[in-house]
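Structure, as structure tokens:
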Protein chains: 2
Amino acid sequence: MTEPAPQGRPAGKPRRAPTIHDVAAVAGVSRGTVSRVLQGGHNVSPASLEAVNAAIGKLGYVVNRHARNLVTQRSNSVAFLLTEPQERFFEDPNFTTLLRGCTAALGEHDIPLLLMTAGDEAERRRVVRYLAAGHVDGVLLVSSHRGNPMIEHLREAEIPMVSCGKPLGQRGRVAYVAADDREGAKDMVRHLIESGRSRVATVAGPQDTPGGVERLLGYREVLDEYGITFDESLVAYGDYSRAGGEQAADRLLAAAPGLDALFVASDLMADGALAALDRAGRSVPGDVAVGGFDDSPAALTTRPALTTVRQPWDRISQEMVRLLLAQIAGETQPTVILPTELVIRESA
Amino acid sequence: MTEPAPQGRPAGKPRRAPTIHDVAAVAGVSRGTVSRVLQGGHNVSPASLEAVNAAIGKLGYVVNRHARNLVTQRSNSVAFLLTEPQERFFEDPNFTTLLRGCTAALGEHDIPLLLMTAGDEAERRRVVRYLAAGHVDGVLLVSSHRGNPMIEHLREAEIPMVSCGKPLGQRGRVAYVAADDREGAKDMVRHLIESGRSRVATVAGPQDTPGGVERLLGYREVLDEYGITFDESLVAYGDYSRAGGEQAADRLLAAAPGLDALFVASDLMADGALAALDRAGRSVPGDVAVGGFDDSPAALTTRPALTTVRQPWDRISQEMVRLLLAQIAGETQPTVILPTELVIRESA
DNA sequence: CTGAAAGCGCTTACAG
DNA sequence: CTGAAAGCGCTTACAG
């Protein structure tokens with residue numbers, strides 16, 4: 001007599017997950033054939049293919065990644081590496097947007113994202129050891145400052161990687177995806193001038209970051225276009241933080257009280273600048289038109305709502321993942337520059 | 001004649017990583033002994049131990065995780081799972097704080113964190129398949145709303161997990177770490193009353209989240225303590241978003257114009273409430289004292305700076321990791337409730 | 001304390 | 001198109 005089928009799985013702990021062996025037995029083929037089906041079903045007869053798929057469904061078989069990874073010498077995983085002091089990035093809304101986009105894009109390939117941070121020397125060592133050991137197939141790198149020590153380490157270990165934003169001082173040796181910072185800045189400054197402003201100041205980002213450099217260059221190029229002489233007293237520098245933007249705007253207001261427009265190199269800094277202007281009794285956009293950069297969520301909650309330059313974060317993350325997977329597959333992929341978009345709200 | 005030693009590694013690609021076999025050969029012992037050293041060096045003679053360690057250093061040997069994981073049937077990795085619509089969490093500063101803390105805490109154990117999101121049905125299926133296949137050893141769960149379908153799936157698959165915040169409707173079946181929401185709320189409301197306010201209103205969180213329920217309960221309990229009759233018109237509900245807080249405050253101002261204090265169940269909502277009060281021409285804390293909850297970075301940039309209840313995020317993430325690792329190791333760990341701290345700034 | 005050996009669950013030439 | 005077999009790099013009883 002046969003026992004009644006147990007409800008669910010038996011009481012004993014040892015639920016052994018079905019293996020390729022079990023599938024082969026049920027399907028009545030060899031393990032090699034099962035594996036071939038798993039690899040895409042090439043060189044497998046329709047009958048075998050169907051039998052194997054049925055067995056897989058019946059058993060609820062899922063490949064054991066460790067076994068597969070061991071033999072293929074791949075990890076089928078990718079690291080998302082933050083190389084700045086953690087504080088900075090975790091407060092930056094651009095970061096979470098990017099992280100979310102990369103997670104989603106990798107998810108579609110069924111590739112998990114390992115989040116790693118390398119903020120201090122101890123972490124850096126641990127991460128390099130981990131990555132150099134080949135525990136991931138590639139690295140999505142988030143680092144903006146020149147002279148990042150991690151990049152050298154990763155290059156030496158010949159780990160596929162793609163950076164978000166152009167890594168300064170690498171002379172084209174590392175692939176990257178970036179928004180067109182310079183054109184975006186130019187669009188904004190043209191918009192400011194075309195709306196009738198004549199004393200356009202700017203809060204630039206750090207000059208050891210690509211965004212800091214390029215957005216300032218865009219500002220200067222448009223001044224040239226319109227035959228406006230560049231004036232040192234109309235530029236101040238911030239560190240991309242809200243407080244930094246506020247202080248830079250204070251300095252600008254002191255050095256050039258007559259300014260009637262302000263291009264700020266990030267939304268977070270623009271939010272700070274808005275506070276400074278408010279304190280100084282200047283209305284926006286009445287007295288001073290203000291333009292930001294990023295189109296971060298914060299741009300919608302400032303008052304007035306911020307006119308800004310939209311960075312295409314969704315596409316940036318998608319392209320980063322595409323480039324990295326191509327690189328892992330052995331293809332050489334060119335760097336990608338994505339267009340920005342001027343978003344006009346109330347502040348300018 | 002011997003060739004001069006090549007600089008760096010040879011030109012040919014095939015840099016094969018050293019294995020336990022190479023280490024054994026260099027150290028003059030068997031692979032088993034090398035493995036024992038790797039496992040902690042028990043039952044290994046001092047001489048062997050030293051020889052093996054020297055060989056490891058010389059070769060730059062790093063264990064192959066795939067091989068190890070295959071035989072130990074462990075993944076030595078942990079998932080950080082977001083089960084809400086992604087938008088919500090990625091905008092919530094509490095989330096990034098928690099993510100950062102967990103990454104750091106796991107990093108100390110050399111365990112990578114896999115970031116996974118289960119916002120829609122398709123993602124949910126993919127994630128359940130991945131987790132149920134045993135691809136991670138455990139799950140750090142971030143989910144606040146009652147009736148989260150993922151929890152059932154994970155429980156069925158018997159995957160170790162610990163939740164951030166008490167999962168409603170699970171009757172104690174899943175371990176969690178949380179701040180003491182009720183006590184935190186009570187501290188704040190007492191502070192409001194003790195500072196001389198008599199019409200204390202509250203913006204509560206969603207009532208299908210533990211923070212929404214508990215913080216409102218704390219508010220009511222303190223009212224009782226002081227013999228103040230509970231007044232329906234002094235409570236409004238928000239969804240933890242900035243806009244939600246602003247709208248809730250608007251409603252409160254309409255229903256109870258005489259309110260002179262406001263306890264808001266999150267800093268983000270408090271920021272919105274501040275905007276509503278400003279629009280209504282009420283000064284803070286002059287006309288209305290405002291208290292928040294979280295002590296998020298935003299609490300420092302509101303004007304006036306926000307008096308709030310600090311959630312101990314660092315400890316929360318550390319405890320989550322500790323509990324999860326214990327659970328993976330087979331130990332049963334009790335749930336952990338951590339004390340909050342009243343942070344007095346300018347708004348109350 | 002230590003070595004030889006089995007085995008974890010896959011993939012992939014190799015013959016046929 | 002398919003099976004038998006080797007091998008990926010480890011860990012872990014088992015003898016000794």
Side-chain angles (χ1 to χ4, degrees), chain A residues 14-53 55-56 59-77 110 130 132-137 329, chain B residues 14-53 55-56 59-77 110 130 132-137 329:
Chain A
R15 165 185 53 179
R16 207 182 49 92
T19 72
I20 210 179
H21 179 89
D22 304 315
V23 174
V26 170
V29 300
S30 74
R31 286 146 62 209
T33 298
V34 174
S35 183
R36 273 172 220 118
V37 171
L38 259 27
Q39 303 310 311
H42 306 301
N43 295 0
V44 174
S45 70
S48 298
L49 199 152
E50 194 180 340
V52 169
N53 279 139
I56 287 175
L59 262 32
Y61 170 79
V62 184
V63 68
N64 180 317
R65 291 201 161 213
H66 304 313
R68 170 180 286 177
N69 293 343
L70 176 57
V71 49
T72 59
Q73 306 276 45
R74 286 276 215 86
S75 79
N76 285 306
S77 67
D110 216 28
Y130 192 92
H135 292 330
V136 300
D137 295 336
Chain B
R15 165 185 52 179
R16 205 181 51 90
T19 72
I20 211 180
H21 178 90
D22 303 316
V23 174
V26 170
V29 300
S30 73
R31 286 146 63 208
T33 298
V34 174
S35 183
R36 273 173 221 117
V37 172
L38 260 26
Q39 304 309 310
H42 306 301
N43 294 1
V44 175
S45 70
S48 297
L49 200 153
E50 194 180 340
V52 169
N53 279 138
I56 286 175
L59 262 31
Y61 169 80
V62 184
V63 68
N64 180 317
R65 292 201 162 213
H66 303 314
R68 170 179 288 177
N69 294 343
L70 176 58
V71 47
T72 59
Q73 307 276 45
R74 285 277 215 85
S75 79
N76 284 305
S77 67
D110 217 29
Y130 193 91
H135 292 330
V136 299
D137 296 335

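We name chains A, B, ... by the order of the sequence lines, and we start the count at 1 in each one.
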Working to the nearest 0.5 Å, report the span between NE2 of A:H66 and NE2 of B:H66.
9.0 Å

Roughly how far apart are A:T19 OG1 and A:Y61 OH, rounded to 0.5 Å?
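If I round to the nearest 0.5 Å, the distance is 7.0 Å.
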
Side chains of A:H135 and B:V62, heavy atoms from C-beta outward: is any pair under 4.5 Å?
yes

Just wondering, do A:R68 and A:L38 contact through their side chains at under 4.5 Å, heavy atoms?
yes

Whether the side chain of A:D137 engages the backbone of A:N76 through a donor-acceptor N/O pair (distance < 3.5 Å, no angle test) should be reported.
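Confirmed, A:D137 side chain pairs with A:N76 backbone.
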
Would you write the dot-bracket representation of DNA chain C, where each base gets (, ), [, ], | or . depending on whether it forms a Watson-Crick or G-U pair under 3.5 Å and with which partner?
|||.||||||||.|||

What's the shortest heavy-atom distance between B:V136 and B:S75, and which atoms?
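Smallest interatomic distance, heavy atoms only, reads CA-OG, 3.2 Å.
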
Shortest non-hydrogen contact from B:L49 to B:V37?
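Shortest heavy-atom separation between B:L49 and B:V37 comes out as CA-CG2, 4.3 Å.
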
Can you pull the salt bridge (Lys or Arg N to Asp or Glu O under 4.0 Å) pairs that have at least one residue in residues 18-27 of chain A, sequence neighbours excluded?
A:R16-A:D22

When every nucleotide of nucleotides 8-16 of chain C is labelled 5' to 3' by its protein contacts under 4.0 Å (heavy atoms), B for base, S for sugar-phosphate only, - for none, what sequence of letters results?
BBBBBB---

Residue-phosphate contact under 4.0 Å: B:S45 side-chain N/O, C:dC1 OP1/OP2:
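False: B:S45 side-chain N/O out of range (4.0 Å or more) of C:dC1 OP1/OP2.
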
